[in-house]
Structures are given as structure tokens and as C-alpha cells.
A.B. asks: 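For reference, the structure I am asking about is given below.
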Amino acid sequence: MPRVAAPLGTLAAAGAAFAYVAAVDPNQPGHYPACPFLTVTGLYCPGCGGLRSAHALAHGDPVAALGANLFAVLLVTGFALGWLHWVTRLARGRAYSFPVRLRAWHWWAAGALLVVFTVVRNTPIGTGLAP
């Protein structure tokens with residue numbers, strides 16, 4: 001049982017967060033604080049629309065989720081795949097190992113993609129990426 005405690009605890013925490021966002025609609029004003037970056041600059045940060053995206057995913061609407069925040073959907077998908085990999089390795093009696101050995105350039109590339117996503121969603125070309 002101790003081997004599965006961490007993945008089950010992780011699933012419980014993620015499930016509780018999704019259940020809360022599913023129950024408390026971020027599309028209704030006053031339920032969540034406003035994005036401080038958006039409030040100060042008037043620009044969308046990479047996370048803007050993430051709660052609306054999670055709400056749409058929790059209600060089974062992936063098209064609306066992608067429209068609210070593509071990056072958040074990719075993160076949730078990556079989390080789900082990573083969790084499945086973790087559980088599969090434990091079920092086979094193997095120790096967990098990350099499927100890809102992340103090097104410094106991976107982090108730099110991810111950061112660069114995040115910056116590009118943020119810049120593009122704030123331009124007229126990227127209006128489809130704006131929440």
C-alpha cells in the first residue's frame with residue numbers, strides 16, 4: 001500500500017481541485033480573484049483562462065477548454081499521461097522514472113515556448129489564443 005500512496009494522494013489532490021473548479025464556475029464574476037498581471041498591464045499572462053479551461057474540461061467540453069487556454073489543456077494532458085506512466089510502472093513493480101531525461105535545453109525550450117505563447121496571444125494574430 002505505501003507504494004501507491006503517493007500516486008493516489010496526487011490523484012486525490014488533483015481531483016479535489018478539479019471538483020472545486022467544476023462546482024464553482026470561474027465564468028461568474030466574484031468567485032476567483034482577478035489575474036494581477038492582467039489587472040496591472042492589461043495583457044494576458046500564460047495562465048489567463050486556465051480556470052475557465054479546467055472548468056470546461058471538468059464538464060467534458062474540450063473545445064471550450066482549448067479556446068480558454070491551450071497551454072492549460074496541454075499541461076493537464078501532460079499531467080494525466082505522467083500520472084498514468086507513474087501508476088503503470090508501479091503496477092509492474094518498477095521504480096518510477098521520468099520518461100524523458102530533462103536537460104537544461106528542455107527547460108529553456110519550454111520557457112521560450114511559454115514566452116512565445118504569451119506574446120502571440122496578446123497580438124492581433126493570436127486572438128484565437130486569448131481567453
A.B. asks: Which heavy atom in Arg101 sits nearest to a heavy atom in His106, and how many Å separate them?
C.D. replies: O-CE1, 3.5 Å

A.B. asks: Hey, any chance Val119 and Val116 share a hydrophobic cluster, counting ILVMFWY side chains that come within less than 4.5 Å of each other, even indirectly?
C.D. replies: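 The answer is no; the residues belong to distinct hydrophobic clusters.
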
A.B. asks: Look up atom OG in Ser53 and atom CZ in Phe71, then write down how far apart they are to the nearest 0.5 Å.
C.D. replies: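 Those atoms lie 11.5 Å apart.
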
A.B. asks: What distance do Trp108 atom CH2 and Leu113 atom CG have between them, rounded to the nearest 0.5 Å?
C.D. replies: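 CG of Leu113 is found 13.5 Å from CH2 of Trp108.
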
A.B. asks: Report yes or no: do Leu81 and Leu75 belong to one cluster of Ile/Leu/Val/Met/Phe/Trp/Tyr joined by side chain heavy-atom distances under 4.5 Å?
C.D. replies: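 Unlinked, Leu81 and Leu75 end up in two clusters.
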
A.B. asks: If only atom types and distance count, is the side chain of Trp83 paired as donor or acceptor with the main-chain N or O of Pro7 below 3.5 Å?
C.D. replies: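 It does hold such a pair.
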
A.B. asks: Is the side chain of Arg121 donor-acceptor paired with the backbone N or O of Cys45 at a distance under 3.5 Å, no angle test?
C.D. replies: yes

A.B. asks: Any non-hydrogen side-chain atom of Phe79 less than 4.5 Å from a side-chain atom of Thr10?
C.D. replies: yes

A.B. asks: Flag the pair Phe18 / Val76 as yes when at least one side-chain heavy-atom distance between them is below 4.5 Å, and no otherwise.
C.D. replies: yes

A.B. asks: Taking ring pair (Phe, Tyr, Trp, His ring centres under 6.0 Å) as the test, write out the residues that go with His59, two or more places apart.
C.D. replies: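 Applying ring pair (Phe, Tyr, Trp, His ring centres under 6.0 Å) to His59 gives His55.
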
A.B. asks: Roughly how far, to the nearest 0.5 Å, is the CG atom of Leu129 from the OG1 atom of Thr123?
C.D. replies: 8.5 Å

A.B. asks: Counting only N and O atoms by type, is there a donor-acceptor contact under 3.5 Å from the side chain of Thr41 to the main-chain atoms of Phe37?
C.D. replies: yes

A.B. asks: I need the Leu74 CG to Leu66 CG distance, nearest 0.5 Å.
C.D. replies: 7.5 Å

A.B. asks: Check whether any side-chain N or O of Asn69 sits under 3.5 Å from a backbone N or O of Ala65 as a donor-acceptor pair, and report yes or no.
C.D. replies: no

A.B. asks: Can you hop from Tyr44 to Val120 via hydrophobic side chains spaced under 4.5 Å?
C.D. replies: no

A.B. asks: Is the shortest heavy-atom distance from the side chain of Pro131 to the side chain of Arg52 under 4.5 Å?
C.D. replies: yes

A.B. asks: Could you go through the side chain to side chain contact (heavy atoms under 4.5 Å, CB included) check for Gln28 and His31 one step at a time?
C.D. replies: CA-CA 7 Å; Gln28 301 297 321; His31 290 188; 3.8 Å; yes

A.B. asks: Take Asp25 and Tyr32 through the test side chain to side chain contact (heavy atoms under 4.5 Å, CB included) and record every step on the way to the result.
C.D. replies: CA-CA 9 Å; Asp25 189 357; Tyr32 297 96; over 6 Å; no

A.B. asks: Treating Asp61 as the side-chain partner and Ala56 as the backbone partner, does any N or O pair qualify as donor plus acceptor under 3.5 Å?
C.D. replies: no

A.B. asks: Quick one: do Leu38 and Leu43 end up in the same hydrophobic cluster if we chain Ile, Leu, Val, Met, Phe, Trp and Tyr together by side-chain heavy atoms under 4.5 Å apart?
C.D. replies: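 Unlinked, Leu38 and Leu43 end up in two clusters.
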
